[in-house]
Amino acid sequence: MVPDVPHYWLHPRDIPEARAAQAEMAARLVAEDDLPPRIARLGGADVSNTRFDPAKMVHAALVALDASADAVLATATESRRADFPYVPGYLAFREVPPLLACWSRLAVRPEVILVDGHGVAHPRGFGVACHLGLVFGVPTIGVAKSLLVGEGEPGPEPGDTVPLMWKGARIGTALRTRRGARPVYVSTGHRVSLETAVAIVLGATRGRRLPTAIRAAHDAANVARLRT
DNA sequence: GCGACAG
DNA sequence: ATCTTGTCGC
């Protein structure tokens, strides 16, 4: 899953093997709904990094929340050395491995996971949310705080949306989740339609910019980092 | 050739 | 991603 070549730390802009792997996996993505009509357990995934860390530690967190009450049902974290650098377009090769360790220990299986990063709103249509969905075999949704590719500015009211467009095609939805806050970019990960994805994200927002599940994962990842 | 570039 | 206090606004 991760191209094991140390020199990638030195040539972080073009990674042929990783690009080929993305293309191969992207062909297996399912863009239609394949999840329960009512979500009972919502997952959240995020990874925290340490600034100026020679050890290159990454702290991954996966959480499962009760979709209606936002109560945390389960949490799993994994701290380890990153074996891949951060390279725009190849984030999954850095974050998925530690998240997979979390997944194997998470006591509660969420029906869909909100991932902090893009899904198909990606240069090759295969962002970290897609990668995670395929590897876990679970529906996933990409929720990014900034753009990697494409453009789209939604209206000012919570719930306002506008198609996220790139090269003449729709790759996601720019969604205003809160007044006065920058929009979030929702895109399909795996086994979910864009329409359902936006509805789930909006329904999990609770007046904040980011869904509770992602905030919980972010918090858990930070706890793991500060504890180490 | 010059920028842009999830976390 | 992370470094960080106060401060503006509902």
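What you see below is based on every heavy atom in this structure, not just the backbone, and it leaves out hydrogens, waters and symmetry mates. Labels below follow one simple rule: chain letters A, B, ... track the order of the sequence lines, proteins then strands, and each chain is numbered from 1.
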Evaluate the criterion side chain to side chain contact (heavy atoms under 4.5 Å, CB included) for residue pair A:V201 and A:L175; output intermediate values, then yes/no.
CA-CA 9 Å; A:V201 170; A:L175 168 68; 3.9 Å; yes

Can you see if the side chain of A:S146 gets near the phosphate of B:dC5 - specifically, an N or O under 4.0 Å from OP1 or OP2?
no

Mind checking if A:D46 touches a base, just sugar-phosphate, or nothing, with heavy atoms under 4.0 Å?
sugar-phosphate

Of the options B:dA6, C:dC3, B:dG7, whose atoms approach the side-chain atoms of A:L148 most closely?
B:dA6

Over all strands shown, is A:V149 touching base, sugar-phosphate only, or nothing at heavy-atom distances under 4.0 angstrom?
nothing

Can you list the steps and then say if A:F93 with A:H131 is a ring-ring contact (aromatic ring centres under 6.0 Å, His included)?
CA-CA 9 Å; A:F93 294 101; A:H131 201 136; 5.3 Å; yes

Touch class at under 4.0 angstrom, heavy-atom based, for A:G142 against every strand present
nothing

Rounded to the Å, how far apart are A:R179 CZ and C:dC10 C1'?
11 Å

How many whole angstroms separate atom CD1 of A:I214 from atom C1' of B:dA6?
12 Å

Tell me: CG of A:L114 to C1' of B:dA6, nearest whole Å?
16 Å

Side-chain touch A:R19/A:Y90, heavy atoms, less than 4.5 angstrom
yes

If we count only N and O atoms by modelled type, under 3.5 Å, do the side chains of A:N222 and A:R227 hold a donor and an acceptor together?
no

Please report, rounded to the nearest Å, how far the C1' atom of C:dA1 is from the CG atom of A:D53.
12 Å

Is any side-chain N or O of A:K145 closer than 4.0 Å to OP1 or OP2 of B:dA6?
no

Between OH of A:Y185 and P of B:dA6 the distance, given in whole Å, is 12 Å

A:N49 has its side chain closest, among C:dT2, C:dA1, B:dA6, to C:dA1

Roughly, in whole Å, what's the span from CG in A:L91 to P in B:dC5?
15 Å

Please report, rounded to the nearest Å, how far the P atom of B:dG7 is from the OH atom of A:Y86.
7 Å

So A:H218, base contact, sugar-phosphate only, or nothing? Heavy-atom distance under 4.0 Å.
sugar-phosphate

Tightest non-hydrogen contact, residues A:S79 and A:T228, listed as OG-OG1, 4.0 Å

Without decimals, in angstroms, what is the distance between A:H59 NE2 and B:dG7 C1'?
14 Å

Residue A:R225, side-chain atoms from C-beta onward, closest of C:dC3, B:dA6, C:dA1:
C:dC3

Can you check whether A:T50 has a side-chain N or O nearer than 4.0 Å to OP1 or OP2 of C:dA1?
no

Start at the 5' end of DNA chain C and walk down; is the nucleotide closest to A:N222 or to A:R178 reached first?
A:N222

Shortest non-hydrogen contact from A:A26 to A:G125?
CB-O, 4.4 Å

Can A:Q22 and A:H122 be said to form a side chain to side chain contact (heavy atoms under 4.5 Å, CB included), step by step?
CA-CA 11 Å; A:Q22 291 179 327; A:H122 173 278; 3.8 Å; yes

Below 4.0 angstrom, N of the basic side chain to O of the carboxylate: do A:R176 and A:E153 qualify?
yes

Each base of DNA chain B marked ( ) or [ ] if paired in-strand (Watson-Crick or G-U under 3.5 Å), | if paired to another strand and . if unpaired gives .......

